[in-house]
Colleague: 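Once you've had a glance at the structure underneath, I'll fire off some questions.
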Amino acid sequence: MNPFKQIILKVHIQLYLIAVLKSTLVAGAMFFLILLATKSYFWASLLAVSGFFLMAFWTKLFQYRERDAIEILHQKMEDTEYSLDLLKVENPNLAEQLQLERLFAKSPQTPWLIQPKIALYFLFFFAAWALYAGFSTKLFSTTSTENVLENTSKSTPEAKVIPRFLNATLHITPPTYTALPASHSENMNAMAIAGSILKWTANVTSTENVSVKLSNNRGDEIAFQKNGEKFEYQDQLLSSGLYALKAYWKDSLIYQSDYYRLEAIPDLAPKIEPASKELYTFHFLKNPKNIQISAKISDDFLVSQAFIVATLARGSGENVKFREVKIPISTVNFKQTNVIKSIDLKAFNFTPGDELYYYWAAFDNKRPTPNYTKSDTYFIVYKDTTQAEESDLATMAMNIMPEYFRSQRQIIIDTEKLIAKRKKLPSKEFNSISNEIGFDQKALRLRYGQYLGEEFENNIGGGHALPSDDDGKGDILQGFRHAHDQGEHDHDAGEKHEEHEHDHGGNKADDNKDPLASMLADYVHSHDDAEANTFYEQSTRSLLKMALEQMWQSELHLRMYEPEKAIPFEKKALEYLKSAQHKARTFVKKTSFDPPPIKEKEKRLSGELTKFNDKFTYQKNYSQAQIETLIAEVMSIISSKNQAQKLKLTEKQKVLALGNILSGKILNSNLSSWSILTSLQKVVNDKNLSQEEISTLKTKLYGLVDKTLPSKNNPRNDSYLSERKLEKAFLKNY
Amino acid sequence: MNVFIFHIFSDFELFDWLITLALFVLLGIQLTILFRNKPELSLRFWIKLSLNLLLWLTVTLLFINPDIEKSMDSNKVLLVSENIPKEEIKLIKDSLKISETFNQKAFNRLLIEKPEIVEQLGNVYLLGQDAQPEILSKISSKNIYWIPFFPKETLQDLHWKAILYKDEIQEVSGKIYVEKPQIIRLKWANKVLDSLSLSKGFSYFRLKTPTFSVGKTDLSLDLADKTLAKIHFFSTRYQPQHYLFVLSNPDFESKILADWLGKNGNIVETIATVAKNTQSTFSINQSGKFVPDVIITDPSNAGNTLVKKAFAEGKSILFINFANADLAVKSINQQLGTNWKITKIDNQENRKISEDLTAQSYKFLPNTFQKELAEYPVAIQKKVGKVAISLLNETFPLMLSGDSIKYSRIWQSTFQALNAPKAHNFNLIGPVFVDVTKDFSVNSTSDASNLLIEKVSSQSTQSAINSKSFNANYIFRKKGWNQFQDTLAIFVEDNTSSIAKAKQLAPYLQTSVMENVSEKAQTFRSTLPEWLWFVLILLLLTALWVEPKL
């Protein structure tokens, strides 16, 4: 590129730069001037921008100015001989080429286009700025003094400027451990973690003589602190509640806000969910000595530490020793984790018979006092197999089978059934069944026999445990051998014996009686003796005995395969049994006690009155506010309230009182009726409620008294005073 | 119909002469202009001429204003108010066989022009609520039959109590004609207090609600989604009453009841026999002399001198704690001269009313001067005083179990029906309309011959029969709430509604039985309305303007 083209370009750029500078200076100057005149940044910037564009147009900022640049160069550089235009010629002819060569032969210098004229622009700008800077401070300072003067002059005698409550902001700083961000809002309803720091900042037009207070629903107030032009109050959120902001100017209330909610969200204790649901486990010798236990531990913020507390109990009876061990969990400060821990039983020296109790515990990171949670306690019991327990012994000794016997009524039914089937059955089977029923009859007889003290035969179908010499004839094994081959022998023996004994019972003067026994009879309590054994009184016992006799007979016939003959005895036995039962039942009734009747009229109010105060009178007064009446009154206040019209003082007090009572109630119950409070507060503050708000408020208030109102279907009771004489006469003659 | 132009010049005045002159000048100008344009005697010309002549004639006729003689059956004339649908008029005309119908304005003009027509009139039937006083005063000597007209689905009548006490039953009753089955509701804001399903056609309705507010209250009476009327009334505070408990022995039921009454601001005294010749007295909220309004006692005290004396003085007695209802009621009947009849309805000793609440298994048989509460077996007999019997066994378990709401409901219902008449009672039936005479009565222990309405005193007359009653009539002049006496208020409504107009007319007209009068044809004259002339003139002018352009 030849140097001339570069020079042209540079000059061109200089032209643009100068244009930009000029436009900017003019715009800046305009900005300050207009700001000074209007004190509005908007207008100042708007006009400055338009000034800039105007100036840009004027200085041809947006035009292509190569032509101008060339012309300026022609003027500034004397030896160019007005031939710079030739540079643009694409195919120069000979003459042009010669001229160009002449031109190129020179070494040109780029001229500066800055002229002293530009200083004027600077002057203009600085003058404007100086004017603004100087005047504005002076101007504002004078106005402010004027304002003060005005204020003081106004506040003295006549028109007083009442400060206005502008706005309030609430800054919530949650406790640091929660790591929650602080929030800042104009919404006065605060919902934060308990322990958060709340800071209210209230702006009022003037702070003079003004006090801002925070009031709760009971009307207690806390004053804000004045901090420069603002009012501030800071406190810690501990529990839920309601509050309102009030501003006073001198003595008068100038602002009262709606009721706002404070909701303290509690920091929850850590949550421990052990994996094992089984609280009580046995440990056996063969089991592994390392137990794996796991639990999920979590918290709404952080769990600062968790551990397992294990207690080993050893010994029995009064000699039990405990050893407590705390097993820490290595992970700390976590939000949620699944802890797996193995307990080495060997380390505990866990021996058979020992018991190990353990539970999980965790602290969260709440300050100053962390929340603490404990899981259920788990038991591990090391089974000691060397020690036999008493209950085991009891079951080992014998296997008690349920006793099997049929009722007398069942026997009758069975017998009748057998008789009915007689023709169908082969005689062998028939006989067998008959014998079976006979056995049942015997079993039942033995059962009842027991009640009469016939304890010698306690083994159904079995013989004597140890056969007597008479029976066994020296066969020692007889009692231990199950001699199936001997058929009904055992029974026979038993029966014979019983019959024998029975006879004894019936006949006291028995010569077989042991003389020693008869001597001792008066001194010993012979359980075996049915006569001496008095479960029942005489008649009951005799009835039972009669029943047993009938059973004997029935069994006899059954065994002889004659069920028809057995039936009458069976029925008789049942009859005796039932009457014996009946007798036993009436026993209690006989012992009842009938007190002699009290003569009420004589006895009543005839107590001793020696220490009685004759003037037994006392009084009390209820002065509590009648909430229903209050609601009723407030309903009509709202009903008749005119939008434009303000409430009277007494009406206001009533609404306020109701608001206070209800706020307590609502706090204690739920927050569903919240809108009542807000609307009431609006009414108190003479704010206009929308039509919808009014009807909601009315409806909700009605809901509060609805249930206590008398039924609308009750008869009318028109209150009317009548002439008594006339009324009496009317009723008499009616 | 014959049109006559007569006596035109007989009673001409200067002004009339001038107009006549002007008319002829006008005709002259019209014709001059027409003929100056050298007319060809074409059809066009004749049309132009005739139009001009017609215009002139019309203007002249407007000035002359000719009468039209009608022969009419003036025995029966139907005067129709504005805004009455044609079908309705036709229906009335047909059913009453009336041939002549006028609207109020036309009739008024007729009366002004031909006052003698009044003499010819027979029966005048007035349809609707608009009645111009001028007409009424002129035809007052005639038989006027008033047929009130109410548009469909608007209230034809409405009543309520304008002043009452809290807990008293407010009753809103009225008449309405509905096109289709609809539900009429009495509402407080969004809460429906009472409703009634109306079937198609004409219905009477009666809606009830216990008065729940204290002070100025407005309910709204809605038909479907449309508000028919606002019910404004004033309810006054519940007046504390004096309650005396006379008990044979202290018991828990009475104690809780006494406490409840006390907490509701009443004055209570309890006298309980605690031993022979020894009584305990317990009073709540007492100050000054105690004269009981209501005595609460058990049936065994029916013969108690205190009870009997109070009853003779017109006090109310409430018997509670029945054990042997049959015998107890008999003894009450004997001692107090009541005529209760109860009958056993179940073999069980008690019957269950609701959870935690039982009653003696008896029911009341209806009897004169007796009424029973809607929900509970409590009945009241009116004697000189009132006697109430509550067959409820024990209500205090409700209170102890925390159901104070039901407890309040039971006893509020009972005492609401039982309480002695209040010292001041106002029998003022709403609605009250502005500029309409309102009759009302005041029933008061104190002299009420001077009533204060908006701080202006108004006279009332004492009733000859009941010295405690005072009747007054007053014309309220101020709309909205008017202060009444010291603490009360009366709402006065605008008198533009149909009901208000009907109420306004009612004192002057009767809607009595209509009788037929002998038929005698009459003739009278009427003029064409002015607007007809103007329309004609306008039409002709238009024609004249359009004609050259065609």
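Letters go in sequence order (proteins before strands), and every chain restarts at 1.
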Colleague: Please report the closest heavy-atom contact between A:Leu721 and B:Ala423, naming both atoms and the distance.
Modeller: CD1-O, 3.5 Å
Colleague: Hey, which of B:Tyr407, B:Trp411, B:Phe369, B:Tyr376 has the most heavy atom pairs under 4.5 Å with chain A?
Modeller: B:Phe369
Colleague: Working to the nearest 0.5 angstrom, can you tell me the gap between B:Glu375 CD and A:Ser711 OG?
Modeller: 4.0 Å
Colleague: For A:Ala632 and B:Phe212, work out which heavy atoms get closest and say how close.
Modeller: CB-O, 3.2 Å
Colleague: Any non-hydrogen side-chain atom of A:Leu709 less than 4.5 Å from a side-chain atom of B:Arg409?
Modeller: no
Colleague: For the interface with chain A, which of B:Ile271, B:Leu418, B:Ile465, B:Asn419 has the highest count of heavy-atom pairs at distances below 4.5 Å?
Modeller: B:Ile465
Colleague: Within the distance-only criterion (no hydrogens, no angle test), does the side chain of A:Asn714 pair as donor or acceptor with the backbone N or O of B:Ala374 below 3.5 angstrom?
Modeller: yes
Colleague: Quick one: CG on A:Asn713 to CD1 on B:Ile169, what's the gap to the nearest 0.5 Å?
Modeller: 8.0 Å
Colleague: Please state whether the side chain, the backbone, both or neither of B:Lys406 comes within less than 4.5 Å of a heavy atom of chain A.
Modeller: neither
Colleague: Within the distance-only criterion (no hydrogens, no angle test), does the side chain of B:Ser213 pair as donor or acceptor with the backbone N or O of A:Met635 below 3.5 angstrom?
Modeller: no
Colleague: Pick from B:Lys187, B:Lys468, B:Gln170, B:Lys371: which one has the most heavy-atom pairs with chain A under 4.5 Å?
Modeller: B:Lys371
Colleague: What are the two closest heavy atoms between A:Lys620 and B:Lys255, and how far apart are they?
Modeller: NZ-NZ, 4.2 Å
Colleague: Give the member of B:Gln286, B:Lys166, B:Glu171, B:Glu168 that has the highest number of heavy-atom pairs under 4.5 Å with chain A.
Modeller: B:Glu171
Colleague: If I measure from the heavy atoms of chain A, does B:Ser248 come under 4.5 Å with its side chain, its backbone, both, or neither?
Modeller: both
Colleague: Which of the residues B:Thr270, B:Thr209, B:Leu164, B:Val384 is involved in the greatest number of heavy-atom pairs with chain A at under 4.5 angstrom?
Modeller: B:Val384
Colleague: Looking at B:Trp188 and A:Tyr702, would you say the former's side chain and the latter's main chain have a donor-acceptor pair under 3.5 Å?
Modeller: no
Colleague: Specify which of B:Ser413, B:Ser444, B:Ser463 makes the most heavy-atom pairs with chain A at under 4.5 Å.
Modeller: B:Ser413
Colleague: Between A:Glu727 and B:Lys383, is the side-chain contact (heavy atoms from CB on, under 4.5 Å) condition met? List the steps.
Modeller: CA-CA 9 Å; A:Glu727 200 179 350; B:Lys383 288 285 284 182; over 6 Å; no
Colleague: Between CG of A:Leu697 and CG of B:Asn190, what distance do you get to the nearest 0.5 Å?
Modeller: 11.0 Å
Colleague: Pick one of side chain, backbone, both or neither for B:Ala312, based on which atoms fall under 4.5 Å of a heavy atom in chain A.
Modeller: backbone
Colleague: As an exercise, state the distance from OG of B:Ser467 to CG of A:Leu726, rounded to the nearest 0.5 Å.
Modeller: 9.5 Å
Colleague: State whether the side chain of A:Ser639 and the backbone N or O of B:Asp218 hold a donor-acceptor pair below 3.5 Å, judged by distance alone.
Modeller: yes
Colleague: Search all heavy atoms of B:Lys216 against all heavy atoms of A:Ser640 and return the closest pair with its distance.
Modeller: CB-CB, 3.6 Å
Colleague: Quick check on B:Asn427 against chain A: is it the side chain, the backbone, both or neither that has a heavy atom closer than 4.5 Å?
Modeller: neither
Colleague: Ignoring hydrogens, what is the shortest heavy-atom contact between B:Ala189 and A:Thr699? Give both atom names and the distance.
Modeller: CB-OG1, 3.4 Å
